[in-house]
Amino acid sequence: MEQLIEEIKALKAQRNALILAHNYVRPELQDLADFTGDSLELSIKARDAKAPLMVFCGVRFMAETAKLLSPDSTVLLPNPDADCPMARMADGEQVKAWRSEFPDAVFAAYVNTTAETKAQVDICCTSGNAEKVVRSLEGQKIVFLPDRNLGGNINNILGTEMSLWNGCCPVHDQVTPEMLKGAREFFPDAAIIIHPECKAECVAEADAALSTAGMLKFVKECDKKTIVVATESGLLHRLKKENPEKRFIPLAPEILCPDMKKITLEDLRDALKFNQHEITLAPEIMEKAVKPIEKMLAL
Ligand code: 13P
Ligand code: SF4
C-alpha cells in the first residue's frame, strides 16, 4: 500500500491534480485528498479552485456537480460505477412530467440528483443548507425531490407542507427508531447524532440531525465524551482522527454505502495515469443544470 500511495503522490504532482474526497469514502483516499468534506463544501471547493484537473473521490452526482461549477476543468471519477442509488430515483423525464402536475410550484432538488434532473428544477440544496434554501422559498408552493426523508424532516422543522417525491437513501433509510432507543439505553451519557436522510421518527430520537460537516463541527463543540453516530461509517475516520480524546459508537454496522466504497487506491492511481473516467455532459444540460446550483450557492 505504501508504494501505491507514493505512486499516486508522484502522479498527482506530475499532473498538478486537485483531489477532492467526500467524508464517506475509504480512509486512505480521504488522507490523500487535498480536501475532504460534505457535499456543500465540495461544491464550493470545486467552484473556487478552478483547477485544470480535478479527481473526485465520491459518487457520480458529486463529480457532475464539480463539472457544472467548473466547466473548463477536466473532472475524473476514478470508478465510473460509483453512483448514488437515490440520484437514480428521479430521472429528468419523470421530473418534467411531475412539473406539469404542479405548474405553479417551485421545484427544489437535493444535490443527490443527476445533471439531467437538475436541468428540470429551480433550485438545489444539500443536507447542510436545506433549511436555508427552503426558507428562502417562503410563501410559495414547493415540490421537493428525491429524498422524502430529508424533505419530511425540513417540513417538520419549518412547518412547511412541501410535496415530496417518494425517493430515499437506501443506506440511511434502514435506520429504525428502535436502534436509536437501544443506543440511548446502552449509552445514556452519549450524544446521538443522525443524518437528515434518516426517517423523521429516527431524527426525533437523536440529539441533532446534521450534514456530515455539521456532525464534525458538532462533535468538536460538544462536551460529551461519547458520541453515537447514525450515518455512513466512512465519517468515523475523520471523527476519530480529529477528536482522538472522544469515543465514537457507530449506530449499526449496516449503515455502509457500497457506492461510496467503490473507488480504491488502484482506481485513483489509474485515473491519474490514464486520465479516466472523464465526466462529460451535453452542453444544453450543463447550461440548464448549473442554474439551480448557482441559485443555491448565491444564498
Ligand atoms: P453530506 O456529506 O452533504 O451530509 O451528504 C451525505 C450524503 O449522503 C452524500 O451522499
Ligand atoms: Fe447515495 Fe445514500 Fe450512498 Fe449518499 S449514502 S451516496 S445518499 S446511497
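Note that the structure is a prediction, hence the values are computed from the model and not measured. When a ligand or atom number is given, it counts from 1 through the structure's own listing order.
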K240 to F248, cation-pi by 6.0 Å centre distance and 45° axis angle: no
Atoms in ligand 2 flagged as close to M86, the criterion being non-hydrogen separation under 4.0 Å: 7 (S)
Close approach, H22 and ligand 1, non-hydrogen under 4.0 angstrom: yes
Any S127 heavy atom less than 4.0 Å to ligand 1: yes
Subset of ligand 2 atoms that lie under 4.0 Å from at least one heavy atom of P85: 8 (S)
Atoms of ligand 2 close to C169 [distance to a heavy atom under 4.0 angstrom, numbered from 1]: 2 (Fe), 5 (S), 7 (S), 8 (S)
For ligand 1, the portion of N112 having any non-hydrogen atom under 4.0 Å away: side chain
Proximity flag N112 to ligand 2, non-hydrogen atoms under 4.0 Å: yes
Under-4.0 Å salt bridge between K67 and D72: no
Identity of the nearest option to atom 6 (C) of ligand 1, non-hydrogen atoms only, from H195, E232, M86: H195
Numbering as shown, the atoms of ligand 1 that approach M260 to under 4.0 Å (heavy-atom distance): 10 (O)
Side chains of Y24 and S233, donor plus acceptor under 3.5 Å: no
Proximity to ligand 1 by part of S39, non-hydrogen separation under 4.0 Å: both
N/O separation below 3.5 Å, H172 to ligand 1: no
Separation between CG of L53 and CG of N275, rounded to the nearest 0.5 Å: 6.5 Å
Modelled atom types, side-chain donor and acceptor of D173 and N149, under 3.5 Å: yes
Heavy-atom check, side chain of P196 versus side chain of S127, under 4.5 Å: yes
Contacting atoms of ligand 2, where contact means under 4.0 angstrom from a heavy atom of C84: 1 (Fe), 6 (S), 7 (S)
Whether over 12 other heavy atoms sit under 6.0 Å from E178 CD: yes
D189/R247 ion pair, N-O < 4.0 Å: no
Ligand 1 N/O within reach of T126 N/O, cut-off under 3.5 Å: no
Atom CD of Q3: over 12 foreign heavy atoms under 6.0 Å: no
Numbered atoms and elements of ligand 2 in range of E197, under 4.0 angstrom, heavy atoms: 2 (Fe), 7 (S)
With P78, the side-chain contact (heavy atoms from CB on, under 4.5 Å) member among L29, D270, I263: I263
Numbering as shown, the atoms of ligand 1 that approach E197 to under 4.0 Å (heavy-atom distance): 6 (C), 7 (C), 8 (O)
S211 N/O under 3.5 Å from ligand 1 N/O: no
Taking atom 9 (C) of ligand 1 as the reference point, the nearest protein heavy atom with its distance: M62 CE, 3.6 Å
Residue C257 vicinity, atoms of ligand 2 by number, heavy atom under 4.0 Å: 3 (Fe), 5 (S), 6 (S), 8 (S)
Electrostatic pair D83-R88, nearest N-O below 4.0 angstrom: yes
